[in-house]
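This report refers to the structure that appears directly beneath it.
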Amino acid sequence: MSAETRRQQNVRRMLAGHHPSLPHDIAARAVERGHRMQRRRRAARAAAWVLVLALIAVLTVWAATASPWEAGPRATTPPVEGV
């Protein structure tokens with residue numbers, strides 16, 4: 001008897017046996033779990049958007065105050081003393 005035939009017989013034997021009964025509230029639990037997952041995803045998405053908007057606001061304020069697009073001051077020589 002090959003290994004494949006043995007596996008097929010094992011599967012047939014398991015499927016032919018007694019099937020365990022499911023809890024009567026399994027559908028309600030599945031629905032509640034789905035709602036929880038959906039709420040968590042929605043909260044995570046909202047938190048990500050808040051983080052992105054806060055990052056944009058901080059970047060805008062920094063750019064307005066620091067003016068990074070302008071050239072910095074030129075290096076000058078110190079004043080000559082004792083002349």
Side-chain angles (χ1 to χ4, degrees):
M1 181 182 304
S2 69
E4 185 176 339
T5 307
R6 209 172 317 125
R7 275 191 233 123
Q8 287 177 354
Q9 287 178 350
N10 286 338
V11 169
R12 286 191 181 107
R13 188 171 40 251
M14 285 189 300
L15 291 176
H18 175 69
H19 300 295
S21 61
L22 296 176
H24 66 282
D25 64 338
I26 194 165
R29 288 191 297 181
V31 168
E32 182 57 36
R33 183 175 182 201
H35 286 309
R36 273 196 314 266
M37 288 173 47
Q38 192 174 23
R39 282 192 305 266
R40 287 179 186 155
R41 283 187 191 134
R42 194 177 301 139
R45 194 176 305 125
W49 275 110
V50 167
L51 183 65
V52 166
L53 292 176
L55 190 64
I56 289 172
V58 167
L59 183 63
T60 303
V61 169
W62 170 77
T65 57
S67 301
W69 53 87
E70 294 177 359
R74 291 193 175 121
T76 58
T77 58
V80 178
E81 295 179 14
V83 176

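Throughout, numbering of the chain's residues begins at 1 and tracks the sequence. Predicted model, so just to flag it, every value in this text is computed and none were measured.
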Residues passing the side-chain contact (heavy atoms from CB on, under 4.5 Å) test with Arg7, sequence neighbours excluded, are Ala3
In chain order, what residues pass the side chain to side chain donor-acceptor pair (under 3.5 Å) check against Arg13, with sequence neighbours excluded? Asn10
Quick one: list whatever passes salt bridge (charged side-chain N to carboxylate O under 4.0 Å, His left out) with Arg29, sequence neighbours left out. Asp25
With a cutoff of under 4.5 Å between side-chain heavy atoms, which Ile, Leu, Val, Met, Phe, Trp and Tyr residues group with Val31? none
Could you go through residues 47-69 and list every donor-acceptor pair under 3.5 Å that involves a side-chain atom there, pairing it with any protein atom two or more places apart or in another chain?
unit_1, atom_1, unit_2, atom_2, d
Thr60, OG1, Ile56, O, 2.7
Thr65, OG1, Val61, O, 3.0
Thr65, OG1, Trp62, O, 3.2

Arg39 side, atom CZ; Arg36 side, atom CZ - distance, nearest 0.5 Å: 7.5 Å
Report the residues that fulfil side chain to side chain donor-acceptor pair (under 3.5 Å) with Ser21, sequence neighbours left out, ordered by chain and then residue number. none
Reported NE2-to-CZ distance for the pair His35 and Arg42, which is rounded to 0.5 angstrom: 10.0 Å
